[in-house]
2 protein chains.
Amino acid sequence: MSQSDPLREQIIARFDAMSAQLQQAARYVLEHPEEVALVSMRELARLAAVQPATMTRLAKVLGFQGYNEIRAYYAETVRKRNDGFAAKVRQRDVETTSTPESDIAHHMLHGISAQIAALCEPEPLQCLTAMADRLAAAKKVYVLGLRSSHVVAWHFHYVMSLLGERSVHLDGPAGTGGDALIRAKPDEVMLVVSIKPYAVDTLVLAQLAKDKGLAVLSITDSEVSPLAGISEHTIYCATDSYSFFHTLTPALAVSEVLCTLLAELDRPSALKALQDADDHLAHLNTYSNTLPRRV
Amino acid sequence: MSQSDPLREQIIARFDAMSAQLQQAARYVLEHPEEVALVSMRELARLAAVQPATMTRLAKVLGFQGYNEIRAYYAETVRKRNDGFAAKVRQRDVETTSTPESDIAHHMLHGISAQIAALCEPEPLQCLTAMADRLAAAKKVYVLGLRSSHVVAWHFHYVMSLLGERSVHLDGPAGTGGDALIRAKPDEVMLVVSIKPYAVDTLVLAQLAKDKGLAVLSITDSEVSPLAGISEHTIYCATDSYSFFHTLTPALAVSEVLCTLLAELDRPSALKALQDADDHLAHLNTYSNTLPRRV
DNA sequence: AAATTATTAAAACAAATGGATCATTGTTTT
DNA sequence: AAAACAATGATCCATTTGTTTTAATAATTT
């Protein structure tokens, strides 16, 4: 944790040149960095047995404009520690020839990367495998995701359709998307993808599926998502990004993992299905490695 | 991280019984617990887009005497986490109950996370901003991505259509997808997404666009992709994953970054466009926070 | 020892914070 | 349709906050 904390280094460097009171304040800050972020300046002064004004002076000695800058620094440290890569981030920021644009891009990508890494925790991993098992056991899978979540739903359906014929994408023109549910039976399941703001149609169809006795499995963004209550299994993925929009990238990663696990659960037939698809597409000359020659 | 946090559980338990505003506040607290400890109540309210008083009310609803008790609770959590931090890291590797399934998932997620993190290097960042600038300068953007790349193309188009009307998705039934190019003009550009194996139709349309004088911008997987040669700007993203399938998650991340940069380049009108979209969808009752009551 | 400087404590201040009140709005019930 | 209710937003208040100023004290130099 302590390695490569520039402020800490600076405090140590200037420590000997400080007055007695400043040293006492600095010492407390060094030994309890997180308290700086957690309590008020006066409270901190009380804890360090120092006058409030001393903290302000310490800030100035260290080249800050005011005490709040010290606090902001340590608050940031606490935040960074949350997403693992704390040390790396600060290093990078220095070296990057940062335009405002590339800064935004950098922030976003870093954040998304961390959010996906967070899915490697035991808990989400367990949810993933459990959901994959449930999907594998189902006779048919209805896939539902509207608006922005369409991305994820479509991807899942596309890959599943390469693997076999158990997937039905609930999507269609003129509001016909839900029609496939008409003949849904209880030994089938629905995979719903929805993040805030939740599309009404999604919620309606999910509830309908549940009422029909289907198991609802969902990929959503929060324990308090309306989907959480009606789902047999739920996978939560972060959607915050440093931009106007929510990110669906972690959700797409989840979908990819689910597809892989499903294929993995029946490796032989997955291989067979993919081979068939390959052959089919090869016949149609769907793919190529070179630009087409003009004719 | 999240397991065994009694307050968190309690918030989730009472969530459904809360009013809309309380839910919004509670949701933010759930998703950013450390912020509660790090910023003032008013600041937090601002972040959660809620009135300051709502935070006080949330505290009371949860059985606290006042807001400060919530803050104290989360401050304590941050302190606790600090202690257990080093220890946990060491434990992690040991305790993981690794089934073969969860191992695969773990590998995949870790890999994808790293691939996205790799985009934070100066070179890809520069490509991203350059491409965003070029997109911003274009009169119109034709978006093309078939088969698996459809995911990325669709996402880009969807977000762009929220931002304005400069985007045309080259997709349609019965092979009509390319028709929109009929009236394409040289001051327009084409954004192509394609990874190996490259769909022939994609290559044909990209070449056609280039012949018509459009600038081709591409998101692809390699310097030796057929798209690389005909593109004015190219962004390369990894697609390897520990599975049968290639991953499109990094490509989606790229798309999200591009959209954000584009919005950022003309912040005021982006905000306006998003506001208009919001209003429109609100009128149509597109979104909801709760499950629909059966009628 | 006197003069000067640097350090500290105390007091004063404006800005912000958390909390309470009340009018208004939107919903449900009658 | 009216009445009752809960939810929300706006305003106000007493505290607390970070900072500055002033006065007192200690340390240093001459």
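The model shown is predicted, which means the values in this text are computed figures rather than measured ones.
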Taking atom C1' of dG19(C) as reference, at what distance in whole Å does atom CG of Leu58(B) sit?
->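 Whole-Å distance recorded here is 15 Å.
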
How close or far is atom C1' of dA20(C) from atom CD of Gln51(B), stated in whole angstroms?
->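 Answer to the nearest Å: 14 Å.
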
Let me have the donor-acceptor pairs involving side chains of residues 43-63 of chain B, under 3.5 Å, with sequence neighbours excluded, atom names and distances please.
{"residue": "Glu43(B)", "atom": "OE1", "partner": "Arg46(B)", "partner atom": "NH1", "Å": "2.8"}
{"residue": "Thr54(B)", "atom": "OG1", "partner": "Gln51(B)", "partner atom": "O", "Å": "3.2"}

Quick one, which residues of residues 11-26 of chain A touch DNA chain C with a heavy atom under 4.0 Å?
->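 By residue number: Ser19(A), Ala20(A), Gln21(A).
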
For a quick check under 3.5 Å, do [X] and [Y] share a side-chain donor-acceptor pair by atom type?
X: Thr247(A); Y: Ser241(A); result: no
X: Tyr236(A); Y: Glu223(A); result: no
X: Tyr73(A); Y: Asn68(A); result: no

Which pairs with one or both residues in residues 22-31 of chain B pass side-chain hydrogen bond (donor to acceptor under 3.5 Å, both in side chains), sequence neighbours excluded?
->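 Pairs touching residues 22-31 of chain B that pass the test: Tyr198(A)-Arg27(B), Asp221(A)-Arg27(B), Arg27(B)-Glu31(B).
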
Ile116(B) CD1 to Ser113(A) OG distance, which is reported to the nearest 0.5 Å |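 With rounding to 0.5 Å, CD1 (Ile116(B)) is 6.0 Å from OG (Ser113(A)).
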
Determine, for nucleotides 13-27 of chain D in 5'-to-3' order, which nucleotides have protein heavy atoms under 4.0 Å from the base (write B), from only the sugar-phosphate (write S), or from neither (write -).
-> ----BBBBB------

Tell me, please, which residues at least two apart from Glu35(A) pass salt bridge (charged side-chain N to carboxylate O under 4.0 Å, His left out).
->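 Partners of Glu35(A) under the salt bridge (charged side-chain N to carboxylate O under 4.0 Å, His left out) test: Arg79(B).
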
Sequence neighbours left out, what pairs pass salt bridge (Lys or Arg N to Asp or Glu O under 4.0 Å) with at least one residue falling in residues 258-277 of chain B?
->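 Passing the test, one end in residues 258-277 of chain B: Glu264(B)-Arg267(B), Lys272(B)-Asp276(B).
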
